[in-house]
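Down below is the structure, laid out as structure tokens.
Chain identifiers are assigned alphabetically (A, B, ...) following the order of the sequence lines, protein sequences preceding nucleic acid strands; residue numbering begins at 1 within each chain.
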2 protein chains.
Amino acid sequence: MKDIEREILLGFWKVHILHHAGEEPICGQWILNELRRHGYSISPGTLYPLLARMEERGWLKGKSDPAGGPRARKDYRLTLRGRQVLEYIRAQVKELYDEVVTDK
Amino acid sequence: MKDIEREILLGFWKVHILHHAGEEPICGQWILNELRRHGYSISPGTLYPLLARMEERGWLKGKSDPAGGPRARKDYRLTLRGRQVLEYIRAQVKELYDEVVTDK
DNA sequence: TAAGTTATTACGATAACCGATGTCGTAAAT
DNA sequence: ATTTACGACATCGGTTATCGTAATAACTTA
């Protein structure tokens with residue numbers, strides 16, 4: 001099960017993250033909770049570097065209260081570029097679904 | 001684009017691989033071609049270790065002509081365990097699709 | 001001050017990548 | 001019938017990127 005998560009599901013979660021960040025600003029803890037709610041777990045050491053990477057790539061933009069110190073909560077939202085990426089991925093998800101689930 | 005492939009699409013491709021291996025025996029080249037047909041590329045150095053890993057995990061079973069030498073073509077097919085894994089993943093793909101594409 | 005919430009760091013383990021190489025089968029050339 | 005050349009496949013080696021677990025640090029609130 002752990003194998004499947006690492007090999008495949010983690011990628012799915014990344015899509016979820018982009019999707020949610022497009023609907024409302026989200027922070028790391030929110031994501032951890034959301035996944036836990038679905039019965040999964042991802043460790044901080046995986047999640048935060050992942051978010052940082054997405055920000056580097058210009059998919060997300062994080063903003064934290066400047067008065068809150070270096071580890072203040074950071075809310076991420078989807079950038080314009082991120083929106084394009086998400087659109088593109090959506091098309092891929094649809095393809096995958098059509099082929100693997102509905103057997104089109 | 002390269003970023004997206006590495007970060008997300010590679011996982012999708014793995015699902016494709018399992019799916020196809022469930023329908024007919026496939027070899028590495030077949031996969032490389034299939035992806036190229038769809039406009040993507042993956043290097044042998046990524047694909048073959050990936051297949052080896054899936055075999056280790058018992059998702060795939062590869063068979064090559066014993067008279068063909070050490071680098072003979074190897075055809076992979078889905079194992080029983082692989083079938084279970086695929087079923088599980090299918091459910092996840094459906095969830096992802098419902099949430100991210102159809103916005104259910 | 002203690003507890004809760006949140007993000008970051010450290011670093012070993014795994015996975016991904018590229019390029020080059022080795023092996024076989026087959027068809028063409030002689 | 002040999003040899004040569006080529007195409008199809010898998011594997012290896014070295015490097016970089018990503019993941020995972022556990023520990024840590026900074027604020028906030030009680």
Would you list the pairs meeting ring pair (Phe, Tyr, Trp, His ring centres under 6.0 Å) in which at least one residue belongs to residues 81-104 of chain A, sequence neighbours left out?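 Output for this query lists A/Tyr97-B/Tyr97.
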Contact list for residues 7-43 of chain B, test ring pair (Phe, Tyr, Trp, His ring centres under 6.0 Å), sequence neighbours left out: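 Passing the test, one end in residues 7-43 of chain B: A/Phe12-B/Phe12, B/Trp13-B/Tyr40, B/His20-B/Trp30.
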Using the side chain to side chain donor-acceptor pair (under 3.5 Å) criterion, which residues pair with [X]? Sequence neighbours excluded.
{"X": "B/Thr46", "result": "B/Ser43"}
{"X": "B/Arg83", "result": "none"}
{"X": "B/Glu87", "result": "B/Arg90"}
{"X": "B/Lys63", "result": "none"}

If you take any heavy atom closer than 4.0 Å to DNA chain D, which residues from residues 12-23 of chain B end up in contact?
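Within residues 12-23 of chain B, no residue comes under 4.0 Å of DNA chain D.
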Round to a whole Å and report the spacing from CG of B/Leu51 to P of C/dA15.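 Whole-Å distance recorded here is 14 Å.
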If you compare every side-chain N and O of B/Ser43 against the phosphate oxygens of C/dC17 (OP1, OP2), does one of them come in below 4.0 Å?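 Answer is no, no contact under 4.0 Å.
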Looking at residues at least two apart in the chain, or sitting in another chain, which of them share a salt bridge (Lys or Arg N to Asp or Glu O under 4.0 Å) with [X]?
{"X": "B/Asp75", "answer": "B/Arg73"}
{"X": "B/Arg57", "answer": "A/Asp3, A/Glu7"}
{"X": "B/Glu34", "answer": "B/Arg37"}

* To do: Could you list where the contact with chain B starts and ends along DNA chain D, reading 5' to 3', using a 4.0 Å heavy-atom cut-off?
  =>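 Both ends considered, the range comes out as D/dC9 to D/dT18.
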Note to self: What contact category does B/Ile42 fall into here, base, sugar-phosphate, or nothing, at under 4.0 angstrom with non-hydrogen atoms?
What the structure shows: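 Result for B/Ile42 = nothing.
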The contact string for nucleotides 4-14 of chain C, one letter per nucleotide 5' to 3', using protein heavy atoms under 4.0 Å with B, S and - for base, sugar-phosphate only and none, comes out as --SBBB----B
*B/Arg77 atom CZ: more than 12 heavy-atom contacts under 6.0 Å*: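 Open.
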